[in-house]
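The figures that follow rest on heavy atoms only: side chains count, while hydrogens, waters and symmetry mates do not. All residue numbers in this chain count up from 1 along the given sequence. Note that the structure is a prediction, hence the values are computed from the model and not measured.
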Amino acid sequence: MAEGADLRPGRRMRIRKRRRTPAGSMTMLEHLGELRTRLIVSLLVFVGLSVVAFVYYDPILELIRRPYCRLPADLQGPQGCDLIFTKALGAFEFRLKLTALTGLALASPVWLYELWAFIVPAFTPKEKRYAVPFFLSSMLLFSVGVVAAYFTLPKGLQFLIGIGGQELVPFLQAAD
């Protein structure tokens, strides 16, 4: 029907104009749709990288065990630098946890980008100008902290294990 056509005698049909949102803004449903898409992308990358980490479990485990194996033999306990488990499902649980954490760490550039891309449109130009250097410096400092922690871990473990004295025998579980 054309605009202004009669539906009933004495009444005219009015065509509602769709409300337009200001440029760059979204409705609540559009926000939820975008959030869902970004979460799905992040989840798929996480699951994919976790599966790859599950396949390459042995090299990852060696990377994790290396700081413990660098300790003096008297601080490692009777099992040496082998890690133990005390439950029937302990080894499987540990493998799943290690691969999930590896997947989360390796997928962090993707999920951090997705988080960034979801949040940034809400920033004003002034906030964006401050946010970019803050984000980049945070990522750099976090990376430096991870590397420093990994290389100082043997000394930290040596201190923590040795603080109890010679009378205590360390028997570290894999989950620890």
Side-chain angles (χ1 to χ4, degrees), residues 31-120 122-123 127 130-176:
H31 277 293
L32 291 175
E34 182 180 353
L35 179 61
R36 182 186 68 225
T37 302
R38 293 190 182 282
L39 286 174
I40 289 171
V41 167
S42 298
L43 186 63
L44 289 175
V45 172
F46 162 71
V47 169
L49 289 173
S50 293
V51 168
V52 170
F54 192 86
V55 172
Y56 290 100
Y57 169 75
D58 291 329
I60 295 169
L61 179 61
E62 285 306 311
L63 180 71
I64 298 299
R65 280 179 15 143
R66 193 174 300 148
Y68 181 55
C69 291
R70 289 183 184 160
L71 291 178
D74 61 325
L75 292 178
Q76 292 177 356
Q79 81 281 2
C81 72
D82 291 333
L83 301 174
I84 65 163
F85 59 94
T86 58
K87 299 186 293 187
L89 292 175
F92 183 66
E93 286 177 4
F94 176 72
R95 186 171 185 154
L96 286 180
K97 285 179 185 178
L98 183 61
T99 57
L101 288 173
T102 302
L104 187 66
L106 293 177
S108 64
V110 174
W111 59 262
L112 284 172
Y113 167 76
E114 294 294 337
L115 179 66
W116 176 260
F118 182 73
I119 293 173
V120 164
F123 288 172
E127 291 169 335
Y130 290 118
V132 172
F134 174 76
F135 179 75
L136 293 176
S137 63
S138 297
M139 293 303 298
L140 176 68
L141 291 172
F142 178 76
S143 300
V144 169
V146 167
V147 170
Y150 182 78
F151 286 114
T152 59
L153 190 58
K155 288 292 183 188
L157 279 174
Q158 185 174 359
F159 172 75
L160 290 173
I161 292 172
I163 194 96
Q166 296 294 328
E167 297 79 26
L168 299 178
V169 178
F171 217 54
L172 295 184
Q173 292 187 28
D176 296 336

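Under the 4.5 Å side-chain criterion, counting only non-hydrogen atoms from C-beta, Thr102 is not in contact with Tyr56. Counting heavy atoms from C-beta outward, Phe85 and Phe92 have side chains that stay 4.5 Å or more apart. Looking only at side-chain heavy atoms (C-beta outward), Trp116 and Leu112 stay at 4.5 Å or farther from each other. With contacts defined as side-chain heavy-atom distances shorter than 4.5 Å, the pair Leu39/Phe118 does not qualify. Taking the side chain as every heavy atom from C-beta outward, Val120 and Glu127 never approach each other to under 4.5 Å. A 4.5 Å side-chain heavy-atom check between Trp111 and Val45 finds every atom pair outside the cut-off.
For the pair Tyr150 (side chain) and Leu63 (backbone), a donor-acceptor distance under 3.5 Å is present. Arg38 contributes no side-chain N or O that, together with a main-chain N or O of Leu115, makes up a donor-acceptor pair within less than 3.5 Å.
Atom OG of residue Ser42 and atom CG of residue Leu104 lie 10.5 Å apart, to the nearest 0.5 angstrom. Between Leu98 atom CG and Tyr57 atom OH the span is 6.0 Å, to the nearest 0.5 Å. For the atom pair NZ (Lys155) and CG (Leu71), the distance works out to 9.0 Å, reported to the nearest 0.5 Å. For the atom pair CZ (Arg70) and CG (Leu157), the distance works out to 11.5 Å, reported to the nearest 0.5 Å. The CG atom of Leu61 lies 5.5 Å from the CZ atom of Phe94; values are rounded to the nearest 0.5 Å.
Under the side-chain contact (heavy atoms from CB on, under 4.5 Å) rule, Glu114 has a single partner from Val41, Leu35, Thr37, which is Val41.
Within a 6.0 Å radius of CZ in Phe123, more than 12 heavy atoms belonging to other residues, nucleotides or ligands are found.
The heavy-atom pair separating Ser50 from Ala100 by the smallest distance is OG-CA, 3.9 Å. Heavy atoms only, all atoms of each residue included: Gln79 and Asp82 are closest at CG-O, 2.8 Å. Contact detail for Ala105 and Ser108: the closest heavy-atom pair is O-OG, 2.7 Å.
Ion pairing between a basic and an acidic side chain is recognised when a charged N comes within 4.0 Å of a carboxylate O; Glu62 and Arg66 show no such pairing.
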Could you give the side-chain donor-acceptor pairs of residues 134-146 under 3.5 Å, partners two or more places apart or in another chain?
residue, atom, partner, partner atom, Å
Ser137, OG, Pro133, O, 2.9
Ser137, OG, Phe134, O, 3.0
Ser138, OG, Phe134, O, 2.8
Ser143, OG, Met139, O, 2.9

